[in-house]
Amino acid sequence: MRCVLGRSAARRRSRKPDDLRVTGAVPRLPVLMYHAVGSPMPERLHDLSVPPALLAEQLAALAGDGYRMTGLTEALGSDGPVVALTFDDAYCDFLTAAVPALAAVGATATLYAPSRHVGGTAAWLPAPGDALPLLDEEGLREVVAEGHEVGSHGAEHVPFDVLPAREADAQLAESRDRLEAATGTPMRSFCYPHGYASRRLARRVAAAGYDNACVIGHRLHRTDADRHRVARLMVTPATSPDDLRRLVVEGVPGLAPRAKQVAGPAWRTARRAAGLVGVRWT
Ligand SMILES: [Zn+2]
């Protein structure tokens with residue numbers, strides 16, 4: 001699929017904000033997780049598409065609070081008030097809708113592409129989401145030219161935590177090589193499709209040469225935690241700019257760690273069962 005960034009959008013890129021009013025150490029890194037920007041999602045996946053105007057308001061709110069916003073690899077190596085921005089799946093609307101909004105506040109992001117789907121559609125989604133177009137190689141190069149990081153989202157968009165180890169290793173290498181060749185940049189960041197990873201899987205990702213990797217997590221990332229299982233915070237169409245300003249400070253309140261521990265293996269079992277019967281998960 002060919003997706004073109006208009007020249008007017010490119011011209012709207014602005015300087016990075018130089019008035020950082022928030023100072024001091026940041027022991028926890030907020031890492032935001034977006035998917036589509038404006039593309040219509042199936043009803044039950046409504047949360048996966050944030051309207052472009054709302055994205056612009058969210059980013060402006062964080063910029064107003066003095067945060068610098070960068071891709072994940074850069075954020076993990078940064079000091080000061082920084083928020084990492086990640087976009088999963090490499091929908092065409094990243095180039096046409098997200099890039100202009102990011103440029104308006106001097107922000108960059110990491111975009112995760114599943115390599116076998118580059119230039120295709122989000123075939124893993126239920127209809128009509130399975131027709132949503134994904135960036136092709138030229139589109140990914142434009143993303144890089146606009147200053148953003150491209151990372152790997154696997155080769156196939158399947159849950160890596162239930163893949164046989166040999167298959168996971170093969171896909172880690174294949175997607176790394178394909179995306180590096182397509183973009184001319186090193187694949188330093190990996191995003192687990194469907195968002196879950198065991199410690200053992202995280203070690204395989206590190207061994208494949210990736211510097212960092214992200215899960216869903218629903219919490220702030222502790223900067224002393226495993227950088228191959230970086231937790232993220234989901235942003236939805238219901239996240240107001242003020243909600244987001246609180247979210248990057250507090251994470252998601254009210255979800256006890258014990259409840260999350262119980263939920264993890266249960267979901268893993270459910271997804272493994274789903275894989276056996278051919279059900280697609282998002
Ligand atoms: Zn995905």
Side-chain angles (χ1 to χ4, degrees), residues 1 3 31-42 44-50 55 71-72 84-95 97-98 109-136 139-140 143 148-163 167-168 171-172 174-176 178-179 182-183 187 189-198 201-202 205 210 212-218 228-237 264 267-268 270-272 274-275 279-282:
M1 302 288 169
C3 316
V31 183
L32 303 185
M33 176 180 67
Y34 290 92
H35 286 77
V37 181
S39 292
M41 281 282 171
R44 69 187 173 91
L45 303 177
H46 176 72
D47 279 354
L48 297 185
S49 185
V50 172
L55 173 65
L72 181 55
L85 303 177
T86 66
F87 291 76
D88 290 12
D89 303 340
Y91 298 102
C92 276
D93 64 21
F94 180 80
L95 199 50
T110 302
L111 177 73
Y112 293 107
S115 65
R116 289 182 196 167
H117 297 280
V118 168
T121 65
W124 63 91
L125 291 178
D130 56 353
L132 286 177
L134 304 178
L135 289 171
D136 63 9
L140 293 179
V143 166
H148 305 285
E149 175 181 30
V150 170
S152 168
H153 202 27
E156 287 286 346
H157 194 287
V158 293
F160 268 50
D161 58 329
V162 294
L163 279 183
E167 173 66 13
Q171 289 208 33
L172 288 167
E174 177 188 323
S175 61
R176 178 197 63 211
R178 165 97 193 265
L179 292 167
T183 63
M187 287 301 108
S189 194
F190 184 82
C191 175
Y192 301 94
H194 304 257
Y196 296 87
S198 63
L201 177 57
V205 173
Y210 295 93
N212 60 77
C214 53
V215 296
I216 297 177
H218 296 299
H228 290 91
R229 287 200 300 169
V230 172
R232 296 186 293 172
L233 302 164
M234 185 172 181
V235 186
T236 77
W267 273 104
R268 196 167 302 142
R271 291 193 313 284
R272 187 177 286 118
V279 174
R280 290 182 185 279
W281 294 69
T282 56

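Read the numbers this way: they start at 1 and go in the same order the structure lists the ligands and their atoms. Quick caveat: nothing in here was measured; it's all calculated off a predicted structure.
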For this session: Assess whether side chain to side chain donor-acceptor pair (under 3.5 Å) is satisfied between Tyr91 and Asp93, documenting all intermediate values.
Result: CA-CA 5 Å; Tyr91 298 102; Asp93 64 21; over 6 Å; no
Exercise. Counting no waters, what protein N/O/S atoms lie under 2.8 Å from the Zn ion (ligand 1)?
Worked result: Asp89 OD1, His153 NE2, His157 NE2
For this session: With sequence neighbours left out, write down each residue that passes side chain to side chain contact (heavy atoms under 4.5 Å, CB included) with Asp47, or none if nothing qualifies.
Result: Met234, Thr236, Pro237
For this session: Quick one: list whatever passes side chain to side chain contact (heavy atoms under 4.5 Å, CB included) with Thr183, sequence neighbours left out.
Result: Leu140, Val144, Val150, Thr185, Met187
Exercise. Do the side chains of Leu201 and Tyr192 get nearer than 4.5 Å, heavy atoms only?
Worked result: yes
Exercise. Are His148 and Phe94 an aromatic pair by the rule of ring centers under 6.0 Å?
Worked result: yes
Exercise. Residues two or more places apart in sequence or in another chain: which of them pass side-chain hydrogen bond (donor to acceptor under 3.5 Å, both in side chains) with His228?
Worked result: none
